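The structure appears below as structure tokens.
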Amino acid sequence: MSDKLKVGILGGTGMVGQRFISLLENHPWFEVTTIAASPRSAGQRYEDAVGDRWKMTTPMPESVKNIIVKNVNEVESVASEVDFVFSAVDMTKDEIKAIEEAYAKTETPVVSNNSAHRWTPDVPMVVPEINPEHMNVIEYQKKRLGTTRGFVAVKPNCSIQSYAPVLTAWKEFEPYEVVATTYQAISGAGKTFKDWPEMVENIIPYIGGEEEKSEKEPLRIWGHIDEAKGEIVPATSPKITCQCIRVPVLNGHTAAVFVKFKKQPTKEQLIEALKNFSGVPQELKLPSAPKQFIQYMEEDNRPQVQLDVDYENGMGVSVGRIREDSIYDWKFVGLSHNTVRGAAGGAVLCAELLKAQGYITKK
């Protein structure tokens with residue numbers, strides 16, 4: 001009998017679900033024992049349910065091929081087999097909210113990649129290096145849900161990972177105004193070039209809902225817990241304005257960012273702050289934590305998607321081209337892997353943090 005925690009993947013046949021399964025192969029703490037998906041996939045072997053839609057570059061793990069896919073809507077049945085679940089379901093926002101809370105009420109922790117609960121006041125939305133203390137709001141959430149160990153925790157949108165950690169590293173210099181343009185990969189829409197041939201040699205200057213998420217979600221991460229109300233109160237600064245553009249890249253979101261600071265740092269201070277920035281995942285040596293969270297690249301033509309997207313197994317952030325600006329104080333380019341750090345990998349790191357904090361245990 002394995003002493004690993006038994007994990008279920010909700011929405012396991014989609015692209016993010018597949019990324020969870022590939023990242024959890026040989027994980028030292030977690031083992032995928034249950035996969036749930038839509039009723040049309042239920043009852044099939046996982047390999048058959050996915051068919052020719054396996055989108056990872058690595059092969060499907062042998063350990064999951066023969067798992068019989070369960071119906072994600074049969075909450076009690078799925079929950080009875082696992083210690084906790086990762087959620088990557090493809091439903092409407094209201095349906096996601098309802099099903100994730102239903103799983104939590106079976107005393108099954110839910111670590112979600114979805115956006116549905118990101119603004120639920122007592123649900124922590126966490127980048128583990130930035131705001132691990134927000135997990136403390138779970139105690140208030142459990143009171144609301146009437147649970148002892150069940151809860152929902154979420155990770156933020158993939159688009160903010162290439163600049164929010166950088167701005168966090170520069171907090172001492174008090175950034176107060178930010179302009180960001182993100183150049184986002186097609187895998188962020190769950191697509192490959194085979195699925196989306198019109199993206200070849202094309203740019204689409206609109207991604208639904210993405211700009212609002214990119215402007216608002218960092219403020220919630222930088223917020224604090226109001227103990228009286230039992231909820232997260234977002235920060236009010238810096239002000240962020242954002243444009244989000246879909247570009248013909250498979251994996252990797254790049255951000256071009258302009259920043260104004262109240263305190264005037266030198267370039268050397270900015271670079272030093274990035275190199276020295278680390279957090280609880282690094283202190284605890286969590287299995288998925290990058291050793292060096294943010295790397296600074298001196299070359300004029302870096303970071304590049306093809307060369308740098310897999311930095312620290314896709315869990316690190318690459319930064320380059322820090323230079324003075326004629327209107328803002330400083331500008332830079334950031335790069336992060338949108339389906340690893342920005343999606344499934346970020347959620348796995350959240351689950352590792354929750355285990356280390358004692359929120360996720362064996363049932």
Side-chain angles (χ1 to χ4, degrees), residues 1-2 4-92 95-96 98-100 102-103 106 108-114 116 158 185-197 199 250-251 288 313-314 337-340 342-348 351 363:
M1 180 72 184
S2 170
K4 292 183 181 181
L5 292 168
K6 293 188 286 188
V7 178
I9 311 291
L10 312 181
T13 56
M15 185 180 255
V16 175
Q18 292 177 25
R19 179 67 77 184
F20 273 120
I21 283 165
S22 63
L23 288 175
L24 291 168
E25 186 180 15
N26 303 319
H27 192 282
W29 295 357
F30 307 146
E31 181 179 5
V32 177
T33 59
T34 303
I35 301 172
S38 65
R40 68 177 177 275
S41 297
Q44 300 182 65
R45 293 166 62 246
Y46 182 68
E47 185 175 30
D48 297 330
V50 172
D52 62 358
R53 294 179 296 112
W54 181 254
K55 296 178 178 180
M56 301 296 103
T57 53
T58 51
M60 182 185 290
E62 290 295 326
S63 58
V64 300
K65 286 183 177 178
N66 291 318
I67 290 177
I68 303 300
V69 178
K70 297 185 76 95
N71 181 346
V72 73
N73 298 312
E74 294 175 0
V75 175
E76 294 281 352
S77 172
V78 175
S80 68
E81 297 184 352
V82 298
D83 295 311
F84 76 101
V85 296
F86 288 111
S87 175
V89 290
D90 183 14
M91 299 175 172
T92 68
E95 288 171 334
I96 292 169
I99 201 165
E100 289 182 350
Y103 273 92
T106 68
T108 305
V110 179
V111 182
S112 180
N113 182 69
N114 297 306
C158 53
I186 63 172
S187 58
K191 299 279 184 33
T192 64
F193 286 109
K194 183 178 152 196
D195 311 322
W196 205 1
M199 270 310 300
L250 179 59
N251 292 311
S288 300
N313 298 314
H337 196 306
N338 57 295
T339 66
V340 182
V348 170
K363 275 187 177 171

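Small disclaimer: the values here were computed from a predicted structure and weren't measured.
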Straight-line distance of [X] [atom1] to [Y] [atom2], nearest 0.5 Å:
X	Y	atom1	atom2	value
M56	E25	CE	CD	12.5 Å
E100	S87	CD	OG	3.5 Å
F30	S288	CZ	OG	8.0 Å
I67	T33	CD1	OG1	7.0 Å
M91	N114	CE	CG	9.0 Å
L10	S112	CG	OG	8.5 Å

- Message: For T339 and N251: C-alpha separation, side-chain torsions, deciding distance, then whether side-chain contact (heavy atoms from CB on, under 4.5 Å) applies.
- Response: CA-CA 7 Å; T339 66; N251 292 311; 3.9 Å; yes
Least distance between heavy atoms, [X] atom then [Y] atom:
X	Y	result
A344	N113	N-OD1, 4.1 Å
Y46	V69	CA-CG2, 3.8 Å
S80	S77	OG-O, 2.7 Å
V64	V32	CG1-CG1, 4.3 Å
A185	N338	CB-OD1, 3.7 Å
K194	P197	O-CD, 3.8 Å

- Query: Can you pull the salt bridge (Lys or Arg N to Asp or Glu O under 4.0 Å) pairs that have at least one residue in residues 48-59, sequence neighbours excluded?
  - Reply: R45-D48, K55-D195
- Task: Would you please say whether a donor-acceptor pair under 3.5 Å links the side chains of K363 and T108?
- Result: yes
- Have T92 and E95 got a donor and an acceptor in their side chains that come within less than 3.5 Å? yes
Hey, are the side chains of [X] and [Y] touching, using non-hydrogen atoms and a 4.5 Å cut-off?
X	Y	answer
I99	V75	yes
L250	F193	yes
W54	I21	yes
T34	K70	yes

- More than 12 foreign heavy atoms under 6.0 Å from CG of N71: is that the case here? yes
- Task: Applying side chain to side chain contact (heavy atoms under 4.5 Å, CB included), name anything that partners R40, two or more places apart in sequence or on another chain.
- Result: S38
- Please identify each residue that fulfils ring pair (Phe, Tyr, Trp, His ring centres under 6.0 Å) with F20, with sequence neighbours left out. F86
- Message: Closer than 3.5 angstrom, by distance alone: can the side chain of Q18 be matched with the main-chain N or O of T13 as a donor-acceptor pair?
- Response: yes
- When the ring planes of H27 and W29 are compared, do they come out parallel, tilted or perpendicular, using 30° and 60° as the limits? perpendicular
